[in-house]
Amino acid sequence: MCGIVGYVGGRPCRDLLIAGLEKLEYRGYDSAGISLLSDGHIDSVRAVGNLANLRAAVGLADEDGDGGVAVAAPPATIGLAHTRWATHGRVTEENAHPHGDCQDRIQIVLNGIVENHAELRRQLEDEGHRFSSETDAEIVAHLIERHYEQDLTEAVRAAFGDLRGHYAFAAMHSDHPGTLVAARHECPLIVGLGDGETFIASAIPAFLRETRRVLLIENGEIVTVTADGAVIIDASGNALDPPRDIEEVTWDEEAAEKGGFPTFMLKEIHEQPDAVAETITDRLSGIDHVDLSELDLEPEFVRNLRRIVIVACGTSYHAGLIGRYAIEQWARIPVEMDIASEYRYREPVVGPDDLVIGITQSGETADTLAAMRLASERGARVMAVTNVMGSQATRDADTVLYTRAGLEMGVAATKTFTAQTAAMYLLGLWLAQSRDAWPQEQITAIIAELKGIPSKIATTIESVEERVRAIARSHQDRRFFLYLGRNIGLPVCLEGALKMKEISYIPTDAYAAGEMKHGPIALLDESTPVVCVATNSPILDKILSNVAEVRARGADVIAIATEGNDDVAEVADQTLHVPATDWVLQPILAVLPLQLLAYHVARLNGLNVDQPRNLAKTVTVE
Ligand code: AGP
């Protein structure tokens, strides 16, 4: 999740733009850059690492005083700046934004992913365009160059029409010292209206100190901003009529960093549609195949793979468990699963015919890194599934599958879990395809379902949140929660139980429902809330009879069921429905009410959900 800031107005804007980037640091980044236009000349500085490095690079530009980003005369009053969270292309200065066209007369900054970047790059290179980065984003500068006929808005509109994916971008042209043009498709874009100046940004904190008057840019819109204001058109070039209302933002700066949400955790729960969309978008570009060509695994190794071992900790372990079901179901490869802190000390039998996958959102968890190294020492191929480019896991592994959830500030993992689960689904389908292990028409059907998951996540959160809040209110003083599930629903229970533990400090247990009668059922009485994951699956009947067993002992059953299935409500006190999809994909939806339940119970008990006691976001100690 990159950060975009743009300015056009009467004030020298170099430091304004960098201050705007500082306000977007919470979005996470690994490099940054700035471009300023003055006297018909654009000058850019980019730097890897944090904003201090960019400031230092700008300072260096100052020292050699050759104008531009330094002390141009007159100082630039129009510019673009960017913080990058790498998804396509390594963390390098060349890959940092802004990116230019062949003549460097156009500069762009982009947040998101251009799904059809490979195809467009080939076309543009055939037309003679020269690229200077590995990124998908640079495409946009060259597309604008391709369409440019003295009208920047029209060129941006035409380029916008060529793109596929999930993005928002802003463009500047050396021939237009008073104009910036930006466009939005899925990723957020906001305009800040000042007095004789206008800002563009991916989030309000970037300019909140300067103005509280904002224009929200909707999906599919293109906005042209000047010092006097903004004009919005749609993708066909029609002006917005009536014009969009200007909104007054009342948030303080801290709330703004949380996007208006009271906590980072709730903000990140609501960011899950984006996190999953960005993780799957360009890997599902076709309708019938999964493109994981980024993985450095030879087809022969994949075909002859004997076994997969997944090692991880905490929430990542639960995503791995879902991955096991999906890989065994679709790719028919045996998957061994272990908690990393156990795996590394149990003398595991592992070797060259095995693929060991370490799942770690931070990429820095000591136990997972050690388990990966152990497997590597024993000759296994090691893959890291991580959310952080450049993290230790990416350096230790032979190959890396990135989730693209953006920086997660809340200690309790939410969006990285659903992004990891989506990555496991991609891997399961890709392995199935690479080994002809699952009928193509079924793979195609699941790909279609997977593409629909981001919007189903948004629908689920919207439809259940109020009810979950009410359930949380009636259960906030319970002293124990039991979670029950079977098969692929069990990892969802484990994750729900962990969330409740780590942010509400209420003891919980998650159990395979079939095991209840072998002991744990003794725990139940009228006061025990039992959360049951009972989404559609081949063994739903079994779960329903287990739920009836616990209900018969007076337990208070809260069930998660698939829309359209009314049987579950028969055996539960409260039922929360999630949209229907393929049964193997249901967990990515079923977990959402459980995240929200833990969140609202903790909030109602006045707890700090972003920084729970005794917990760190990244566990780098053994
Ligand atoms: C989850 O909410 C916790 N923050 C914790 O269990 C976490 O999942 C675990 O420490 C693993 O972290 P990783 O994914 O960064 O390796």
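Position 1 is the first residue of the sequence; numbering continues from there. Counting convention: from 1, in listed order, for ligands and their atoms alike.
In this structure, OG1 on Thr508 lies 3.0 Å from NZ on Lys501, to the nearest 0.5 angstrom.
Checking only distances, Ile359 never comes within under 3.5 Å of ligand 1, N or O to N or O. Ligand 1 has an N or O atom lying under 3.5 Å from an N or O atom of Ser316, backbone or side chain. Ligand 1 has no nitrogen or oxygen under 3.5 angstrom from a nitrogen or oxygen of Ala412. Between Glu502 and ligand 1, at least one N/O pair is under 3.5 Å apart.
Of the protein's non-hydrogen atoms, the one nearest atom 15 (O) of ligand 1 is Ser362 OG, 2.6 Å. Among protein heavy atoms, atom 10 (O) of ligand 1 sits closest to Val619 CG2, 3.8 Å. In terms of protein heavy-atom proximity, atom 9 (C) of ligand 1 is nearest to Cys313 O, 3.8 Å. What sits closest to atom 16 (O) of ligand 1 on the protein, heavy atoms only, is Thr365 OG1, 2.5 Å.
Residue contacts with ligand 1 leave out Glu364, since none of its heavy atoms falls under 4.0 Å from the ligand.
Residue Thr315 has at least one heavy-atom neighbour below 4.0 Å for each of these atoms of ligand 1: 1 (C), 2 (O), 6 (O), 8 (O). Near Lys499, the atoms of ligand 1 lying under 4.0 angstrom from a non-hydrogen atom of the residue are 1 (C), 2 (O).
With Lys415 as reference, Glu271 is the one residue of Glu408, Glu271, Glu278 to meet the salt bridge (charged side-chain N to carboxylate O under 4.0 Å, His left out) rule.
When Val411, Leu369, Thr414, Ile503 are checked for heavy-atom proximity to atom 4 (N) of ligand 1, Val411 turns out nearest. Distances from atom 6 (O) of ligand 1 to the heavy atoms of Ala312, Ala413, Pro612, Gly314 put Gly314 nearest.
In this model, a donor atom of one side chain and an acceptor atom of the other lie less than 3.5 Å apart for Ser316 and Gln420. Using a 3.5 Å distance cut-off with no hydrogens or angles, the side chains of Ser504 and Lys499 do not pair a donor with an acceptor.
Distance alone, capped at 3.5 Å, places no donor-acceptor pair between the Arg307 side chain and the Leu305 backbone. Arg332 places a side-chain N or O within donor-acceptor distance of the main-chain N or O of Glu328, the cut-off being under 3.5 Å.
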- Message: Let's go through Leu484 and Asn546 carefully: what are the C-alpha distance in whole Å and the side-chain angles of both, what is the deciding distance for side chain to side chain contact (heavy atoms under 4.5 Å, CB included) to 0.1 Å, and is it a yes or a no?
- Response: CA-CA 9 Å; Leu484 290 183; Asn546 297 134; 5.5 Å; no
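When the side chain to side chain donor-acceptor pair (under 3.5 Å) test is applied to Thr279, no partner is found at least two apart in sequence or on another chain. Residues passing the side chain to side chain donor-acceptor pair (under 3.5 Å) test with Gln586 are Thr562, sequence neighbours excluded.
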